[in-house]
Protein chains: 4
Amino acid sequence: MTVTATEPTVGRRRAPRGSARRSIVAAATELFARRGYEATSVQEIVAAAEVTKGALYHWFGSKSELLTSIYRELLAEQTQRLREIADGSGPVEERLRAAALDVVAHTAEHADELTVWARSAHLLDDEQAEATRRERRHYHDLFRDLVREGQASGAVRTDLSATVMTHAFLSALGNTHTWFHPDGPLTFAEVGHQLAELFLGGLRPPGPEPEPPHSPEPAPGRRPAGGAQRSRRSPARRNP
Amino acid sequence: MTVTATEPTVGRRRAPRGSARRSIVAAATELFARRGYEATSVQEIVAAAEVTKGALYHWFGSKSELLTSIYRELLAEQTQRLREIADGSGPVEERLRAAALDVVAHTAEHADELTVWARSAHLLDDEQAEATRRERRHYHDLFRDLVREGQASGAVRTDLSATVMTHAFLSALGNTHTWFHPDGPLTFAEVGHQLAELFLGGLRPPGPEPEPPHSPEPAPGRRPAGGAQRSRRSPARRNP
Amino acid sequence: MTVTATEPTVGRRRAPRGSARRSIVAAATELFARRGYEATSVQEIVAAAEVTKGALYHWFGSKSELLTSIYRELLAEQTQRLREIADGSGPVEERLRAAALDVVAHTAEHADELTVWARSAHLLDDEQAEATRRERRHYHDLFRDLVREGQASGAVRTDLSATVMTHAFLSALGNTHTWFHPDGPLTFAEVGHQLAELFLGGLRPPGPEPEPPHSPEPAPGRRPAGGAQRSRRSPARRNP
Amino acid sequence: MTVTATEPTVGRRRAPRGSARRSIVAAATELFARRGYEATSVQEIVAAAEVTKGALYHWFGSKSELLTSIYRELLAEQTQRLREIADGSGPVEERLRAAALDVVAHTAEHADELTVWARSAHLLDDEQAEATRRERRHYHDLFRDLVREGQASGAVRTDLSATVMTHAFLSALGNTHTWFHPDGPLTFAEVGHQLAELFLGGLRPPGPEPEPPHSPEPAPGRRPAGGAQRSRRSPARRNP
DNA sequence: TATGAATGAGCATTCATTCAT
DNA sequence: AATGAATGAATGCTCATTCAT
């Protein structure tokens with residue numbers, strides 16, 4: 001019933017400009033994550049967002065466009081962050097490590113949205129699927145190119161496909177929603193760091209090695225932002 | 001489309017006993033894989049299976065029970081195979097490697113069903129979800145115990161959680177449906193072997209190593225059955 | 001069949017506002033009364049009301065909610081009438097008699113709806129049943145309190161429970177649908193008056209009585225409105 | 001699973017002759033009473049009776065024939081009892097009283113079946129409805145003739161129709177299932193006696209009376225058999 | 001920048017009944 | 001005297017979307 005105004009307004013306006021769109025996105029994200037895209041009706045979204053159906057269709061052309069919007073915003077942000085890391089100046093091993101940790105941090109921050117996407121992307125019609133697929137592909141290529149750069153420099157094993165290694169890491173992280181439970185013994189941040197460590201370790205060329213370039217511990221004090229708390233539903237997030 | 005008579009019949013007898021159930025499962029598996037569980041109607045299933053709706057509901061309590069049945073059969077088979085490998089007599093490194101390759105082979109053989117499951121498991125009601133979750137958990141624990149055995153023997157690094165490592169490998173394989181394309185440069189078998197290799201390599205304790213206990217190549221001549229061809233739709237399966 | 005436009009429209013405008021709800025209620029009442037609640041399908045209702053299923057479910061959450069709505073409106077009206085009589089100023093005998101005759105009149109006017117209710121109330125789910133049960137109970141208590149007032153004043157025998165006497169009268173009237181036939185020798189109004197007379201007579205304390213306070217005849221000229229004609233299907237209503 | 005043998009059997013027979021039929025009737029009666037005829041599926045009946053569908057259709061031509069069977073057996077018994085009372089030798093007042101009390105007793109004994117009938121009779125197809133209607137009508141006429149005999153003898157008021165008075169009493173009793181609750185202050189036997197008393201009192205001619213021919217109390221020691229306990233579900237049956 | 005009544009095709013599911021064995 | 005797989009038509013209901021206001 002009541003709407004919290006986030007900016008000063010005058011007169012008889014009940015909510016600030018664009019707030020309807022924002023509350024629709026927030027409600028949809030939460031519901032899609034909890035119940036799934038298909039199991040959430042437009043009616044439920046508008047009820048949770050405290051707007052009418054007409055308002056939703058004013059801002060979004062369809063239910064699937066709403067889903068796509070949520071994901072594309074997320075992807076754009078993540079791509080931007082990755083690009084900055086990849087374009088950095090340090091040695092490739094360091095940039096690779098930074099990239100992996102950034103994926104962990106971003107996954108932690110947006111677990112809900114990413115869960116929704118993983119479960120529902122296949123339901124989109126061809127047009128919308130194509131658009132997001134291209135952007136997602138772009139993100140993947142950015143990461144893979146970093147791996148390839150590592151291969152060229154000798155830091156990464158060359159007997160395995162950079163594509164496969166990239167997908168392996170991204171999949172392992174993107175699947176945490178199917179098994180991670182916040183009440184378990186590890187926080188999401190810890191799990192993420194272990195996954196990054198496992199990935200980075202797996203990249204090293206097989207055979208005798210002179211010096212491990214980094215310590216295998218989760219590096220206390222370097223935890224990525226948002227790593228410890230991540231979801232509206234379970235701020236702690238420890239798992240088995 | 002075609003109905004194979006498994007025993008000779010005379011007159012206008014409908015079909016051999018139990019054939020209705022079988023054709024329902026076959027039709028549902030194919031349709032769920034191609035179009036998705038939610039996008040496939042019961043009407044379409046019975047049309048493809050050439051039975052009536054009543055027959056479907058005679059054998060399965062609901063559409064979701066049909067989905068669950070398909071998955072549970074698959075999981076039971078996979079669990080049985082893993083148990084035999086885990087209970088084998090060789091050194092743990094070899095059993096771990098065999099287990100990983102078996103997961104690859106099984107994933108290749110049943111990619112369709114596993115894709116369906118990955119996309120639709122979250123739609124099940126609590127009761128059905130609980131039953132399969134328990135069985136799935138059991139399968140996971142079997143694999144994880146092998147990893148733990150490796151940790152105890154010194155073959156596997158101990159600075160990472162066996163649970164996390166197990167999930168990482170299973171997730172990487174279970175997610176191939178989101179990116180693998182049969183027209184790409186690698187067959188599914190090759191991708192699978194690379195994933196196994198990456199996983200096995202990542203398990204090794206960090207630091208100097210005397211002798212790599214196994215060659216990193218995909219082990220020619222040992223390819224698991226069904227590894228090279230996997231799906232009704234794309235027997236070759238090469239990917240980018 | 002025919003649709004009466006209640007306001008002038010132009011072009012291909014569908015129908016005046018709120019008319020959909022009204023025609024749904026009218027069609028449902030008629031069909032439920034003629035064929036029974038369970039034997040009437042939602043499809044038949046919307047066809048008769050010349051609306052779509054969606055419109056019906058826009059206004060009513062379910063078929064049973066539609067049934068409940070019809071009855072609750074009826075009950076509210078009847079309760080209101082009874083309250084006015086009970087709160088009147090005359091002697092209790094007169095108010096009791098007026099109340100009984102009002103029940104007769106109301107039953108005559110709404111025989112169809114009441115028949116439907118008597119036959120189908122037990123099919124409702126607990127939630128809906130509870131709501132109407134409470135209102136129905138309220139109506140009953142209003143009548144019973146009048147009987148109790150009569151007992152306190154000495155006009156009504158005290159050796160029998162006011163609750164039981166009230167139920168007896170209401171049941172006798174509410175069951176007329178099982179046996180009354182309009183082609184019989186008595187009109188419904190006559191039957192109703194006899195029932196009221198029987199009830200009122202039964203209330204009198206047993207033993208010698210000085211003066212019968214009212215004539216036992218059906219009181220010509222005082223027939224309640226709608227008593228003589230009651231149903232779309234049988235305007236006359238005489239019975240055996 | 002286990003069936004209690006009601007008569008000695010030999011050999012490998014699992015249940016006595018006709019026991020399937022009996023358990024079907026028992027299960028159907030119980031389910032129809034609790035959930036309603038329409039809301040009870042044939043599947044539920046055979047599950048409760050521990051027989052198969054085929055067995056049910058072996059003994060009964062249809063679901064409605066099963067319903068009809070239950071009621072006709074009951075009606076035959078009740079009619080037989082009433083006939084014996086009506087054909088008795090005492091004065092008409094006494095026979096009338098005995099008849100009323102017998103209806104009370106019978107209603108108490110078979111409340112479940114009678115409830116089913118009251119709710120579901122209207123669902124039968126014309127053929128079955130006609131058969132039972134004739135028998136029910138016969139029962140009613142037997143009672144009404146007793147009332148008429150009372151009118152002829154001067155014991156019963158003649159200003160009201162014997163038909164109407166009979167229906168009033170039978171309806172009041174037949175409707176107890178809609179309001180009587182076993183936890184209330186009165187037992188079903190007490191309610192029944194009050195209803196009989198109210199009815200009998202209402203029959204007396206209006207105006208001065210010399211001697212009340214009977215005491216208004218529920219006549220302790222004369223309670224009809226079965227009056228105190230009646231239903232599988234609520235042996236006590238007290239009501240508000 | 002909304003509103004909300006209405007659409008209409010589609011959905012999963014139920015159910016009394018049949019019949020070859 | 002039963003079995004139980006199969007029928008097939010019907011049922012109540014959902015839902016993303018539209019559009020006059």
Side-chain angles (χ1 to χ4, degrees), chain A residues 13-15 17-21 38-46 51-66, chain B residues 11-21 24 38-46 51-66, chain C residues 11-21 24 38-46 51-66, chain D residues 13-15 17-21 38-46 51-66:
Chain A
R13 169 168 283 135
R14 294 189 326 191
R17 291 197 162 261
S19 85
R21 189 182 199 281
E38 327 89 283
T40 302
S41 71
V42 170
Q43 177 53 45
E44 287 169 323
I45 297 169
V46 301
V51 301
T52 60
K53 274 186 187 174
L56 188 148
Y57 279 91
H58 175 74
W59 288 105
F60 302 95
S62 67
K63 188 188 173 190
S64 67
E65 190 185 308
L66 174 52
Chain B
R12 52 183 203 74
R13 278 293 291 108
R14 281 185 285 270
R17 294 221 154 241
S19 82
R21 191 183 198 281
I24 290 165
E38 327 87 282
T40 302
S41 72
V42 170
Q43 177 54 47
E44 288 168 324
I45 297 169
V46 301
V51 300
T52 60
K53 272 186 190 175
L56 189 151
Y57 280 92
H58 176 72
W59 289 105
F60 302 95
S62 65
K63 188 188 172 190
S64 69
E65 189 184 309
L66 174 52
Chain C
R12 51 181 204 77
R13 279 293 290 109
R14 280 187 284 270
R17 295 220 153 241
S19 83
R21 190 182 199 283
I24 289 165
E38 326 87 280
T40 302
S41 72
V42 170
Q43 178 53 46
E44 287 169 325
I45 297 169
V46 300
V51 301
T52 60
K53 269 186 195 176
L56 187 150
Y57 280 93
H58 176 72
W59 288 105
F60 303 95
S62 64
K63 187 187 173 191
S64 69
E65 190 183 308
L66 173 52
Chain D
R13 168 166 284 136
R14 294 188 327 190
R17 292 201 160 258
S19 85
R21 190 182 199 282
E38 326 89 284
T40 302
S41 71
V42 170
Q43 177 54 47
E44 287 168 322
I45 297 169
V46 301
V51 299
T52 61
K53 274 187 186 173
L56 188 149
Y57 279 92
H58 175 75
W59 289 104
F60 301 95
S62 68
K63 188 187 173 192
S64 67
E65 189 184 309
L66 173 52

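The figures that follow rest on heavy atoms only: side chains count, while hydrogens, waters and symmetry mates do not.
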Give the rounded distance in Å between these two atoms: [atom1] of [X] and [atom2] of [N].
X: C:Leu56; N: F:dT11; atom1: CG; atom2: C1'; result: 14 Å
X: D:Gln43; N: E:dT17; atom1: CD; atom2: C1'; result: 13 Å
X: B:Lys63; N: E:dG10; atom1: NZ; atom2: P; result: 15 Å
X: C:Phe60; N: F:dT14; atom1: CZ; atom2: P; result: 15 Å
X: C:Ile45; N: F:dA10; atom1: CD1; atom2: P; result: 17 Å

[X] side-chain N/O to [N] phosphate OP1/OP2 under 4.0 Å:
X: D:Trp59; N: F:dA2; value: yes
X: B:Tyr57; N: E:dT13; value: yes
X: C:Lys53; N: F:dC13; value: no
X: B:His58; N: F:dA5; value: yes

For B:Val42, which contact category applies under a 4.0 Å heavy-atom criterion: base, sugar-phosphate, or nothing?
base
When D:Ser62 and B:Ser64 are each assigned the nearest nucleotide of DNA chain E, the 5'-most assignment goes to B:Ser64
Under a 4.5 Å cut-off applied to non-hydrogen side-chain atoms, are A:Val46 and A:Thr52 in contact?
no
How close do C:Arg21 and C:Trp59 get, counting heavy atoms only, and between which atoms?
CD-CE3, 3.6 Å
Of the non-hydrogen atoms in B:Ser62 and B:Tyr57, which two are nearest, and what is the gap between them?
CA-CE2, 3.8 Å
Out of curiosity, C:Phe60 CZ to C:Ile24 CD1, how far, rounded to the nearest 0.5 Å?
6.0 Å
Out of E:dC11, F:dA6, E:dG8, whichever nucleotide has its closest atom nearest the side chain of B:Ala55
F:dA6
What's the closest nucleotide to the side chain of A:Thr52 if the choices are F:dA6, E:dA2, F:dT11?
E:dA2
How bent is the helix from E:dA2-F:dT21 to E:dT21-F:dA2, comparing axes over its five end pairs at each side, to the nearest 10°?
10°
Take C:Glu44 and B:Val51, find for each the nucleotide of DNA chain F with the closest heavy atom, and name the residue whose nucleotide sits nearer the 5' end.
B:Val51
